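Data first, discussion second: the structure below is written as structure tokens.
Letters A, B, ... are given to chains in the order of the sequence lines, protein chains preceding strands, and every chain is numbered from 1. Quick caveat: nothing in here was measured; it's all calculated off a predicted structure.
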Amino acid sequence: MQSVSSVLSDQLIGKEVEIRGWVYRIRSTAKMCFVILRDSTNIVQCVGKIEDLGSERFKALSSLTIESSLSIKGIIRKDTRATTGYELTIKDFAIFCRNENFPVSKDISEEFELDNRHLWIRSREFTSILKIRSTIFKGFADFFYENGYYQVQPPMMVSTATEGGSTLFKVPFFGEEAFLTQSSQFYLETFIYSLEKVFTISPSFRAEKSRTWRHLTEYWHAEGEVAWIGNDEMMKIEEDMIHYILKKVIDQNYEDLQIIGRNVEDLRESLKPFNRMTYAELIEKSESLGMPLKYGDDLGADEERTIMSNFKTPLFITHFPAELKTFYHRPDPSNPAVILCHDLLAPEGYGEIIGGGERIWDLQELRQRIKDNGLREEDYYWYLDLRRYGSIPHSGFGLGLDRLAMWIMHLDNIKKAIPYPRTIRRLRP
RNA sequence: GCCGCUGUAGCUCAGCUGGUAGAGCACUCGCCUGUUAAGCGAGCGGUCGUCGGUUCGAACCCGACCGGCGGCGCCA
């Protein structure tokens, strides 16, 4: 048994091959039928002739329907009339499942596509999306493995919020109330005292009633935490990591990028060094970037989109005012009104994909910030312990892998970047 | 949480300021000597999201509810 892509080869011309898969398209005339067979690797046109198969077998083959499953034995040939350049003349075949009616057809709405994701996944476009996603996830892990990091597994069920309680999912927990994690950052910080350089890829959950093109209720959060480094070094690592992932995708999924219509040259622009700008510089330039802002304004979706339409490569924005960021970020010792943090905004209007920076590592400073934010120290006892015992400078980041995937594939909605999106209005399939 | 849009056949949609529903695709059956999500002919297929109201009469008007999509805030 061979894969479809492996039989599309000059070496096999005139040879008998056997492939199996699903009917991608089927067309028939009185004496011949064309079955375009799909497997995970590619599609190939197979031609069945009544003179080779006999009328009974020919009828069984030519009456197959879309997404029926079968195996085919035949001779491979070069043929420019076939979509992928080669054609298989069918000598024999075996049907596994003949479908009555496959629900997904050429005219489907986005709603129908979402209701039938379990079937839509088979489409050529979504197969490519899944392949690219796979490369992105592997690329993220490989980059960190190759640079001496350890992968760790934080808990998904937690007892406290990371940044505020309103957006947590509640889960019954043996008479107690547990929550689904919305970020693994605090747990990641615990691991650096053992392993120093760690990363994780795990889901995060946000019960925000968001309805936007770039929010999910359950999303894949790639997080890293690194001992002994500051904000600038953290950004350099992230830039190298994004470059690494982009190179892998362009190298390994070039065909898939073509299938989904991604302009690869535009994507290559982001292999160049990323731009960096402080928040204050951004405010100063905001007028000329088409989005007048005043100091203290947060960046919303419109602002990010407008700003990033000016850039072809990602942009780091650093040194946000302290009041715009959560309590654990470290204020700049030379100017405590701003913090040593960064957001990474993706180009082509995509906006924020990473948030990161230095963490406060002084115990008293952290306690003060917890108090200032109206939070309770006892909820963070173990997080404070990290500052009590052998505290060190460190930095980290969180990357939305689905957002990264959406940008890399130039999709217009994050729901197209994940196989089974979870949103306020969608829990199935 | 706020704002907007939407629900008619398996799918995509049409249906005129109210008169008991139609097309294309899919599927089934024919026909066709090379098709490119082919072509031709026939057939199958709908409590018009649900409930209530107005009316002689409702897919259409009114109300409530349910489902979905888009946008904002929040963030990754």
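Counting any heavy atom pair closer than 4.0 Å across all strands shown, A/R98 reaches sugar-phosphate atoms only and no base atom. Counting any heavy atom pair closer than 4.0 Å across all strands shown, A/A301 reaches sugar-phosphate atoms only and no base atom. Counting non-hydrogen atoms under 4.0 angstrom, A/F112 reaches the backbone sugars and phosphates but no base. Using a 4.0 Å heavy-atom criterion, one finds that A/S210 contacts the bases of the nucleic acid, with or without backbone contacts as well. Contacts of A/L401 with the nucleic acid, taken as non-hydrogen atoms under 4.0 Å apart, are absent. Counting any heavy atom pair closer than 4.0 Å across all strands shown, A/L216 reaches a base atom.
Between A/K59 and B/U28 there is no side-chain polar atom (N or O) within less than 4.0 angstrom of OP1 or OP2. Put simply, A/K415 has a side-chain N or O that comes within less than 4.0 Å of OP1 or OP2 on B/G70. Contact annotation: A/R27 does not reach the phosphate of B/U33 (side-chain N/O to OP1 or OP2, under 4.0 Å). At the phosphate of B/U35, neither OP1 nor OP2 sits under 4.0 Å from any side-chain N or O atom of A/T29.
Here, B/C69 and B/U28 have their C1' atoms 34 Å apart, quoted to the whole Å. Taking the C1' atoms as reference points, B/G24 lies 23 Å from B/C60, given to the whole Å. Here, B/C2 and B/U20 have their C1' atoms 41 Å apart, quoted to the whole Å. Rounded to whole Å, the separation between the P atoms of B/G19 and B/C13 comes to 24 Å. Distance check on atom C1': B/G71 versus B/G34 gives 50 Å, rounded to whole Å.
Side-chain atoms of A/Q45 and base atoms of B/U35 include a donor and an acceptor less than 3.5 Å apart.
A/L324 contributes atom CG, which lies 4.5 Å from atom CG of A/D298 (distance to the nearest 0.5 angstrom).
A centroid separation of 6.0 Å or more is found between the aromatic rings of A/F397 and A/H342. Taking the ring centroids of A/H329 and A/F320, they lie at or beyond the 6.0 Å cut-off.
Computed from coordinates, the A/R425 CZ to B/G68 C1' distance equals 8 Å when rounded to whole Å. A straight line from CD of A/E51 to C1' of B/G34 spans 12 Å, rounded to a whole angstrom.
The ring of A/F34 does not lie on top of the base of B/G34; it is either too far (5.5 Å or more) or too tilted (30° or more).
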